[in-house]
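Everything below concerns the one structure shown next.
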Amino acid sequence: MPLDSLPPDFASILGPAGIIADPSDMEAYLRDWRGLWRGEAMAVLRPATTEEVAACVRLCARDGIAIIPQGGNTSMVGGATPEAKPRQVVLSLARMNRVLEVDTADMTMTVEAGLVLAHAQRAAEEHGALFPLSLGAEGTAMIGGLLSTNAGGNTTVRYGNARELMLGLEVVLPDGSVVNGLRRLRKDNTGYALRHLFVGAEGTLGIITRAVLRIFPAARETATALCAVPDEDAALTLFRRFRTADEGAVRAFEYMSGTGMDLVTRYVEGATLPLSERAAHYALVDLSASRERAGLRALMEGVLEAAMEAGEVTDAALAESEAQRAAIWRLREEHPEAQKRAGASVKNDVSVPVSAVPTLIREASEACRALIPGARPVPFGHMGDGNIHMNLQQPESMTAEDFLARSHDIMDTVNEVVRRLGGSFSAEHGVGRLKTDMMAGWRGGAELAAMRAIKAALDPLGIMNPGKVLPGDA
Ligand code: FAD
Ligand code: 2HG
Ligand code: ZN
């Protein structure tokens, strides 16, 4: 497919450092993390300021060039990958990566959209504070991408999703005008809360360029345990025990299956199980407190002892050092990488009411095994939020191509269970290009019509991330 050439005005705005046009240098921007999609672009634009972003967007609007905003390109749903079309650019925020201010009086942090999450965490730490968003891709994912997908991750149970961590946004709209909403107010009821429109919009309504984020007091005490549990119900009962004992102390509560843990210990170098025996189910409990002598170790031991007496926990390893804590977390965080190394997999990032998680895992696993004999369910994730990655690993006897050809059947099969349990087909990864065909069935009628009206009002030319989120929005 011949690509159109980039009009020369872009070079005069961005200079040589701001444009990648060499095909081999562009390659990493054209492919997604999962290796499922590859698209085309006339160029990758790398603006360094909001003014440069706005000027680029104005040129794109003038010339009818579609824009695919990109942060760390870790999307699980192909949201940041261009399609195979002749007239589009990837707009990377990577050069806009500064921490502009950390304010420990207001407990806010103002940053540019291309700041990598791990760097945001470190900046908060350097000021004795905490930016709590935490997920496996934190070394690559950027604040603009995290806000645009309303990312969840491991600490949602305590601190909420990315949306709850955002107070203000600066956004370049599809006509190149700039909404300067970089306010740091806890209360601000002044008409439509426009900032929330862009959180979770996956780049279809505008480009986030800067954000004011909430920060929190740093953790002064932590307690972390990996527990072997007999079944999914026991894992949920354990979560309830901790919540009842001290809801404020639970920083994360994650579920993992024996199958997933086997993949991690097999495919990830140095990952070893700190328990004497393999189990069919595991729970990772992470407690933290901002005060010293919070008694988290006693809380952990007390709850685990009671759970063991009740037969809900069969074995547990408590982290005795920061290194052991990191090693336990690694067993959880490496699930996506281990699945990738183990062959083809189909992901189902779904949510149900927390009480329905055990039923979801059991029924969806059973339905998937019946659909594709030999396929291995690898459910894991954020049990405390009702968000399970109900993933399926290819059978050893099947080729990756044959297995992936069944992706939509598999997703439909899982989603049937999810629908019955009152859940959602996308909990934290978004819709991207992977799930647009599910929107009409799940969010049809007035809800989808309202979304289309918002899209048409803000982006009448349809240049912002076409083909993503809304069905038929090419
Ligand atoms: P990208 O992938 O670059 O983009 C994501 C979407 O946002 C795209 O639609 C893109 O067009 C849009 N976008 C990017 N930047 C902007 C901007 N500045 N303005 C407007 N739109 C923009 N997700 C979770 O929620 N929880 C997890 O626990 C989690 N764990 C993960 C673990 C691994 C190993 C990996 C690879 C991914 C994981 N993800 C998780 C998914 C992914 O990291 C998140 O969706 C993340 O928010 C994407 O950030 P990014 O900077 O990579 O965005
Ligand atoms: C996680 O929780 C991510 O690790 C990725 O959301 C989930 O690989 C997945 O399906
Ligand atoms: Zn997740």
Side-chain angles (χ1 to χ4, degrees), residues 29 32-35 47 50 53 57 66-82 90-94 96-97 111-117 133-156 161-163 169-174 198-211 252 254-256 260 263-264 329 332-340 345-351 378-383 385 387-393 426-434 464-469:
Y29 298 85
D32 77 303
W33 186 87
R34 294 178 63 184
T50 301
V53 174
V57 172
I67 304 166
I68 293 82
Q70 196 175 93
N73 197 16
T74 63
S75 169
M76 288 283 185
V77 288
T81 318
V90 170
L91 191 146
S92 164
L93 279 299
M96 295 180 60
N97 58 6
V111 305
E112 291 183 322
L115 182 70
V116 168
L117 173 55
L133 192 60
S134 165
L135 42 86
E138 64 198 23
T140 313
M142 298 175 186
I143 295 301
L146 293 153
L147 288 168
S148 297
T149 55
N150 188 23
N154 304 325
T155 55
T156 300
N161 293 324
R163 183 187 303 284
L169 283 188
E170 179 188 77
V171 180
V172 175
L173 295 180
F198 303 100
V199 177
E202 302 181 46
T204 60
L205 298 179
I207 301 175
I208 297 174
T209 45
R210 293 194 277 180
E254 299 278 311
Y255 167 85
M256 288 151 290
L263 292 180
V264 173
W329 264 111
R332 160 62 187 88
E333 296 282 35
E334 293 287 1
H335 269 63
E337 191 59 44
Q339 277 210 279
K340 203 173 178 184
S345 62
V346 171
K347 294 186 186 299
N348 292 285
D349 164 40
V350 297
S351 61
V378 185
F380 65 93
H382 320 293
M383 185 173 226
D385 311 320
N387 172 198
I388 293 295
H389 300 300
M390 209 37 255
N391 297 351
L392 201 63
Q393 198 75 28
S426 180
E428 58 172 7
H429 295 163
V431 177
R433 60 197 283 179
L434 177 66
M464 286 304 311
N465 214 1
K468 315 291 163 54
V469 181

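Just so you know, ligand 1 is whichever comes first in the structure, and atom 1 is the first atom listed for that ligand. Everything numeric in this text was worked out from a predicted model, so none of it was measured.
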What I want to know is whether [X] and ligand 1 share at least one N or O pair that is separated by under 3.5 angstrom.
X	value
Gly72	yes
Gly152	yes
Ala137	no
Pro69	yes
Asn154	no
Ser75	yes
Thr140	no

With [atom] as the reference point, say which of [options] has the nearest heavy atom.
atom	options	result
atom 5 (C) of ligand 1	Ile143, Thr149, Thr204	Thr149
atom 8 (C) of ligand 1	Gly200, Gly79, Ala211, Gly78	Gly79
atom 19 (N) of ligand 1	Leu205, Asn161, Ile208	Ile208
atom 49 (O) of ligand 1	Ala141, Ala113, Ser92	Ala141

_Part of Leu146 within contact of ligand 1 (heavy atoms, under 4.0 Å)_ = both
*Can you tell which part of His382 has a heavy atom less than 4.0 Å from ligand 1: side chain, backbone, both or neither?*
side chain
_As a test of understanding, state which of Phe380, Trp329, Tyr255 forms a ring-ring contact (aromatic ring centres under 6.0 Å, His included) with His335._
Phe380
*With Ile207 as reference, evaluate Thr50, Leu93, Leu173 under the side-chain contact (heavy atoms from CB on, under 4.5 Å) test and give the passing residue.*
Leu93
[atom]: which protein heavy atom is closest, and how many Å away?
atom	result
atom 53 (O) of ligand 1	Gly145 CA, 3.5 Å
atom 23 (N) of ligand 1	His429 CD2, 3.5 Å
atom 42 (C) of ligand 1	Thr74 OG1, 3.3 Å
atom 35 (C) of ligand 1	Met76 CE, 3.3 Å
atom 4 (O) of ligand 1	Ala80 CB, 3.5 Å

So if I count the atoms of ligand 1 from 1 in the order they appear, which ones are less than 4.0 Å from some heavy atom of [X]?
X	value
Gly153	26 (N), 27 (C), 28 (O)
Leu93	18 (N)
Gly203	20 (C), 21 (N)
Ala151	25 (O), 47 (O)
Glu202	9 (O), 11 (O), 12 (C)
Ser148	7 (O), 12 (C), 13 (N), 16 (C), 17 (C), 19 (N), 20 (C), 21 (N), 22 (C)
Gly206	20 (C)

Smallest separation among heavy atoms of [X] and [Y], with atom names:
X	Y	answer
Tyr29	Pro82	O-CD, 3.8 Å
Pro174	Met464	CG-CG, 3.5 Å
Met76	Leu434	O-CD2, 4.4 Å

Tell me, please: is [X] in heavy-atom contact with ligand 1, that is, under 4.0 Å?
X	value
Ala427	no
Ile68	no
Gly432	no

Looking at [Y], is its backbone amide N or carbonyl O close enough to the side chain of [X] to form a donor-acceptor pair, meaning the two atoms are under 3.5 Å apart?
X	Y	value
Asp32	Gly78	no
Arg433	Lys468	no
Gln393	Gln339	yes
Gln70	Ala80	yes
Asn348	Met390	yes

*About how many Å separate CZ of Phe198 and CD1 of Ile208, when rounded to the nearest 0.5 Å?*
8.0 Å
*Quick check, are the ring centers of His429 and His389 under 6.0 angstrom apart?*
yes
*Check each protein residue for a heavy atom under 4.0 Å from ligand 2 and list those that pass, ordered by chain and number.*
Met76, Arg332, Pro336, Lys347, Phe380, His382, His389, Asn391, Glu428, His429
*asked:* Using the Zn ion (ligand 3) as the vertex, how large is the angle between OE2 of Glu428 and NE2 of His389, rounded to 10 degrees?
replied: 100°
*asked:* Test salt bridge (charged side-chain N to carboxylate O under 4.0 Å, His left out) on Glu112 and Arg210; report intermediate values, then the result.
replied: CA-CA 4 Å; Glu112 291 183 322; Arg210 293 194 277 180; 5.8 Å; no
*When you check the side-chain N and O atoms of Glu202 and Asn465, is any donor under 3.5 Å from an acceptor?*
no
